[in-house]
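First the structure, in the form of structure tokens, and then the observations on it.
Residue numbers start at 1 and run along the sequence shown.
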Amino acid sequence: MNKEELRKRTYDFAQRCIKLAMALPSTRLGKHIEGQLIRCATSVPANYRAALVAQSKAAFIAKISIVIEEADESCFWLELIIDEELLRKDLVLPLLSEAKELASIFVKSRMTSQSDQNHK
């Protein structure tokens, strides 16, 4: 997967999370999770874009680390939506799977970058 495909994939993930978050019930918990999920899910593509224009390998690794944290936090909120039965599980599971896949992709990217940095 090239940078442009991954840029689009992270953007699509954020858009899908926004739509899901806005479908949450208008309860105190639903509104709290809505804001949290929107914040972390939109942070994934925003920080990935920042990583792509990083001025150094260290800056790239730092931004990718933020992407990993935000993708993992997205997993947390999606899991909580399922466990609290706020939305149907079949609506949430595809996004949870995508969040896990994205986190895994970026963990590998960080490992590769760190390995490259250590061999210079």
Side-chain angles (χ1 to χ4, degrees):
M1 176 168 289
N2 68 35
K3 291 175 187 176
E4 206 48 51
E5 291 167 333
L6 197 49
R7 183 191 300 235
K8 180 172 179 0
R9 186 170 171 180
T10 58
Y11 186 84
D12 290 346
F13 169 73
Q15 282 190 310
R16 290 170 56 210
C17 283
I18 291 167
K19 287 180 176 76
L20 183 102
M22 291 173 56
L24 286 164
S26 292
T27 61
R28 186 170 177 189
L29 179 60
K31 287 294 180 193
H32 175 71
I33 294 173
E34 176 184 341
Q36 293 295 322
L37 180 58
I38 289 172
R39 186 200 54 75
C40 61
T42 57
S43 183
V44 172
N47 280 289
Y48 178 61
R49 288 174 68 113
L52 293 178
V53 296
Q55 299 293 314
S56 66
K57 186 68 80 173
F60 174 83
I61 292 168
K63 286 294 180 185
I64 289 297
S65 294
I66 295 169
V67 174
I68 294 164
E69 290 172 11
E70 299 294 347
D72 185 64
E73 185 179 338
S74 297
C75 289
F76 168 78
W77 294 115
L78 292 164
E79 289 167 355
L80 193 60
I81 291 167
I82 292 168
D83 291 345
E84 292 298 317
E85 299 178 351
L86 297 175
L87 292 172
R88 288 192 347 248
K89 193 174 185 175
D90 65 303
L91 296 175
V92 184
L93 283 176
L95 273 175
L96 178 57
S97 176
E98 179 68 351
K100 289 177 180 179
E101 285 180 33
L102 287 170
S104 179
I105 289 167
F106 290 115
V107 165
K108 288 177 186 149
S109 177
R110 181 176 63 185
M111 288 172 58
T112 300
S113 294
Q114 287 172 326
S115 177
D116 291 348
Q117 189 178 36
N118 292 337
H119 289 97
K120 286 187 177 180

How long is the gap from [atom1] on [X] to [atom2] on [Y], to the nearest 0.5 Å?
X	Y	atom1	atom2	answer
Asp72	Leu102	CG	CG	12.0 Å
Lys19	Leu95	NZ	CG	10.5 Å
Thr112	Arg110	OG1	CZ	11.5 Å
Glu84	Ile33	CD	CD1	7.0 Å
Leu87	Leu24	CG	CG	4.5 Å
Leu91	Ile82	CG	CD1	10.0 Å

Worksheet item: Going through the distances and angles, do Asn47 and Phe106 end up as a side-chain contact (heavy atoms from CB on, under 4.5 Å)?
Response: CA-CA 11 Å; Asn47 280 289; Phe106 290 115; over 6 Å; no
Specify the closest pair of heavy atoms between [X] and [Y], including all atoms of both residues, with the distance to one decimal.
X	Y	result
Pro25	Leu86	CD-O, 3.7 Å
Tyr48	Val67	N-CG2, 3.4 Å
Ala41	Ala14	O-CB, 3.5 Å
Ile66	Ser43	CG2-OG, 4.5 Å
Ala21	Glu34	O-CG, 3.5 Å
Ile61	Ser113	CG1-CB, 3.7 Å

For [Y], is there any backbone N or O sitting under 3.5 Å from a side-chain donor or acceptor partner on [X]?
X	Y	result
Ser104	Lys100	no
Ser115	Met111	no
Thr10	Leu6	yes
Ser97	Leu93	no
Ser109	Ile105	no

Minimum side-chain heavy-atom gap [X]-[Y] below 4.5 Å:
X	Y	answer
Arg39	Glu70	yes
Lys31	Ser26	yes
Ile38	Cys17	no

Worksheet item: Given the rule that I, L, V, M, F, W and Y join up when any side-chain heavy atoms are under 4.5 Å apart, are Ile18 and Ile81 in one cluster?
Response: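 Hydrophobic grouping puts Ile18 apart from Ile81.
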Fill in: Tyr11 with Val44, same ILVMFWY side-chain cluster at under 4.5 Å
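Tyr11 and Val44: separate clusters.
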Worksheet item: Taking the inter-plane angle between the rings of His32 and Trp77 on a 0 to 90° scale, is it parallel (under 30°), tilted (30 to 60°) or perpendicular (over 60°)?
Response: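 Aromatic pair His32/Trp77 classed perpendicular.
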Discussion item. So for atom CE, which belongs to Met22, do other residues, nucleotides or ligands contribute more than 12 heavy atoms lying within a distance under 6.0 Å?
Written reply: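 Open: at most 12 neighbouring heavy atoms sit under 6.0 Å from CE of Met22.
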Discussion item. Less than 4.0 angstrom from a charged side-chain N to a carboxylate O is my criterion; do Glu101 and Arg9 meet it?
Written reply: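 Arg9 and Glu101: salt-bridged.
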Discussion item. Check this for me, if you would: do Glu5 and Lys8 make a salt bridge, where the nitrogen-to-carboxylate-oxygen distance has to be below 4.0 angstrom?
Written reply: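 So Glu5 does not pair with Lys8 through a salt bridge.
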Worksheet item: Is there a side-chain contact (heavy atoms from CB on, under 4.5 Å) between Ser74 and Phe13 once you walk through the steps?
Response: CA-CA 10 Å; Ser74 297; Phe13 169 73; 3.8 Å; yes
